[in-house]
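I have placed the structure first, in the form of structure tokens, so that the comments after it can refer back to it.
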Amino acid sequence: MNTGTFPIRLIATLTTALLLSALANAQPAPNPFPTLEALGEALFHDTNLSLQRTQSCATCHAADAAFIDSRTQGVGGAVSVGDDDQALGIRNAPTLMYALYAPPFHAMAPGVYRGGQFHDGRARSLPNQVNLNGGPFLNPDEMRMPSRAAVIARVRENADYVDALQRFFGPQIFAREQQAFSRLGHTIAAFERTQAFHPFSAHYDAVMGQEATFTPLEQAGFDLFHSRETGCLRCHDSTAVTGPSRQTFTNYRYYNLGVPMHTAVRDARQDDSPDPGLAANQFLSSPAAAQLGRFKVPTLRNVAVTAPYFHNGLAHDLATVLKLHSHRGARDSVLHTLNPETGLAWGTTDYPENVDFAALAMPKPLSDPEIDALIAFLHTLTDAAFVRP
Ligand code: HEC
Ligand code: HEC
């Protein structure tokens with residue numbers, strides 16, 4: 001046995017081990033945001049990006065609640081409360097599920113608009129929804145930051161954000177505030193396009209994939225939904241935009257359903273102004289008056305878990321929503337003349353002269369059993385993650 005080489009070998013091994021561990025220590029911890037989507041998710045959930053550091057996007061779009069505002073403040077959850085715990089918005093926070101499928105806002109023909117983000121389509125796309133003036137960061141009713149520069153300063157407080165943003169967009173990203181801010185929009189939008197926002201995992205999808213079957217009531221609702229009598233597909237059909245396999249149940253167009261004003265919200269805000277809806281959209285290429293009171297057709301995916309309904313959060317039950325559709329559609333009907341939630345007449349709508357009666361037209365009002373069946377069908381549109389046993 002050659003004893004002479006033993007200590008030398010040992011020393012060599014030890015030295016290598018020491019060197020390796022020193023190298024490992026010198027290496028910075030891996031950045032927690034390996035992808036743009038992961039960074040977007042963190043920004044989406046970061047309350048430091050609001051004025052008092054109390055509110056993030058997720059406050060009003062909660063991941064476990066199909067990305068709606070599930071808080072009960074704000075006149076029973078009809079509208080959202082801002083970062084100061086006081087400011088009230090005028091509209092209900094929509095689900096962000098499937099929002100990625102809305103095409104960019106555009107005119108299909110003179111006076112006929114489609115797509116965009118928000119109830120009035122004033123943001124062309126998801127990144128633009130974050131970046132535009134009046135977007136959530138700077139909105140005085142929401143995250144209430146004073147300026148884009150202030151938002152970027154908050155982002156820069158976090159070394160991991162800075163590192164990741166420089167890696168994704170180049171070392172110069174912070175040289176121009178405007179550009180850095182617009183990159184935030186792209187980053188958050190990347191998260192909003194991930195699988196979690198469009199799993200197509202509802203019972204409906206299983207039935208379409210022939211892996212499950214509808215109950216008789218669900219089937220009756222499906223048939224009614226697709227019938228000419230109800231006309232639901234005139235507005236709640238995305239095939240022309242997304243193709244049949246990605247049905248999101250909205251044609252992304254704009255209609256005035258004559259939704260009654262939410263007087264309790266107006267009282268709470270001490271502001272009686274009507275909501276012009278699409279008419280206030282800055283991209284209109286035709287006279288705005290014709291668009292007064294029109295709002296984007298919402299997706300019906302996950303609708304059973306995204307109450308309250310309508311742009312102003314007026315209705316808490318799907319039955320109420322369908323009774324209003326029926327009341328407007330079957331104009332002379334004696335059925336459904338009262339709001340079932342209040343027991344009172346429906347109440348005034350902002351722009352009665354513009355209600356789209358023709359598009360809503362139903363030859364006869366929906367009966368109560370028909371409403372039950374439609375509701376059973378709507379319940380089949382809830383994605384697996386949000387189904388409560
Ligand atoms: C205080 C509550 C609140 C916060 C915070 C908030 N939102 Fe919203 N969000 C709303 C409301 C209310 C609307 C509807 C406003 C409208 O249509 O005018 C909305 C609409 C949207 C839409 C349009 C969806 C569609 O289908 O039209 C997207 C996308 C969105 N928000 C994303 C975000 C992101 C991203 C953030 C964070 C940067 C954020 N929101 C922060 C309340 C909030
Ligand atoms: C003329 C187009 C049109 C037709 C036809 C139509 N809807 Fe709607 N629907 C809308 C619009 C627009 C809204 C949103 C109105 C608002 O917020 O002011 C809406 C809202 C809804 C909502 C509430 C969704 C939410 O998140 O607020 C449900 C549920 C719904 N419709 C189901 C149906 C069913 C079921 C039918 C067939 C009986 C139908 N709709 C027929 C245009 C239509």
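All residue numbers in this chain count up from 1 along the given sequence. Whatever order the structure lists ligands and atoms in, that order sets their numbers, starting from 1.
- Of the N or O atoms in Asp69, none lie within a sub-3.5 Å distance of an N or O in ligand 1.
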For this session: List the steps and the verdict of side chain to side chain contact (heavy atoms under 4.5 Å, CB included) for Phe386 and Asp383.
Result: CA-CA 6 Å; Phe386 312 120; Asp383 281 307; 4.0 Å; yes

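- Only the side chain of Glu192 comes within 4.0 Å of ligand 1, judged by heavy-atom distances.
- Of the angles at atom 8 (Fe) of ligand 2, the one spanning NE2 of His325 and NE2 of His236 is 170° when given to 10°.
- For atom 17 (O) of ligand 1, the closest non-hydrogen atom of the protein is His119 N, 2.8 Å.
- In Leu96, the part holding a heavy atom less than 4.0 Å from any atom of ligand 1 is the side chain.
- Ring geometry for His198 versus Tyr101: interplanar angle over 60°, hence perpendicular rather than tilted (30 to 60°).
- Residue contacts with ligand 1: Asn92 is included, with a non-hydrogen atom under 4.0 Å away.
- Looking at Asn256 against ligand 2, nothing comes within 4.0 Å, counting heavy atoms.
- In summary, His61 places an N/O/S atom under 2.8 Å from atom 8 (Fe) of ligand 1, meeting the contact criterion.
- Heavy atoms of Val81 come nearer than 4.0 angstrom to ligand 1 in at least one pair.
- Residue-level proximity to ligand 1 for Leu126 is carried by the side chain, the only part with a heavy atom below 4.0 angstrom.
- Neither the backbone nor the side chain of Thr95 comes within 4.0 Å of ligand 2, counting heavy atoms alone.
- Among protein heavy atoms, atom 14 (C) of ligand 2 sits closest to Pro298 CD, 3.4 Å.
- Looking at Ser50, Gly89, Cys60, it is Cys60 that brings a heavy atom closest to atom 43 (C) of ligand 1.
- The hydrophobic clustering, which links ILVMFWY residues whose side-chain heavy atoms are closer than 4.5 Å, places Leu374 and Val207 together.
- Here atom 32 (C) of ligand 1 lies nearest to Gln129 when heavy atoms of Arg71, Gln129, Arg122, Glu142 are compared.
- Judged by the 6.0 Å and 45° rule, Arg328 forms no cation-pi pair with Phe357.
- Both the backbone and the side chain of Cys57 come within contact range of ligand 1, each with a heavy atom under 4.0 Å.
- The closest protein non-hydrogen atom to atom 1 (C) of ligand 2 is Cys235 SG, 2.7 Å.
- With Pro136, Ser56, Ser80 as candidates, the residue nearest to atom 5 (C) of ligand 1 on a non-hydrogen basis is Ser56.
- Distances below 4.0 Å separate heavy atoms of Leu322 from the following atoms of ligand 2: 32 (C), 34 (C), 35 (C).
- The shortest contact between atom 13 (C) of ligand 1 and any protein heavy atom is with Pro94 CD, 3.4 Å.
- Remark: minimum distance from atom 36 (C) of ligand 2 to any protein heavy atom is reached at Cys232 SG, 2.8 Å.
- Within the cation-pi definition used here (under 6.0 Å to the ring centroid, within 45° of the axis), Arg122 does not qualify as a partner of Phe105.
- Nearest non-hydrogen protein atom to atom 16 (C) of ligand 2 is His311 ND1, 3.4 Å.
- Heavy atoms from both the backbone and the side chain of Arg91 come within less than 4.0 Å of ligand 1.
- In this structure, atom 26 (O) of ligand 1 lies nearest to the protein heavy atom Lys296 NZ, 3.5 Å.
- Looking from atom 22 (C) of ligand 2 to the surrounding protein, the closest heavy atom is Val321 CG1, 3.4 Å.
- Ranking the protein heavy atoms by distance from atom 11 (C) of ligand 2 puts Leu257 CD2, 3.7 Å first.
- Around atom 27 (O) of ligand 2, the closest heavy atom drawn from Tyr254, Phe225, Phe310, Tyr255 belongs to Phe310.
- Nearest to atom 23 (C) of ligand 1 by heavy atom, out of Phe44, Tyr252, Phe295, Phe118, is Phe118.
- What sits closest to atom 25 (C) of ligand 1 on the protein, heavy atoms only, is Gln117 OE1, 3.3 Å.
- Between Phe225 and His236, the ring planes are tilted. Angles from 30° to 60° get that label.
- Aromatic ring pairs are classed by plane angle as parallel below 30°, tilted from 30° to 60° and perpendicular above 60°; the pair Phe377 and Phe214 is perpendicular.
- Leu224 is not listed as a side-chain neighbour of Glu229, based on a closest heavy-atom distance of 4.5 Å or more.
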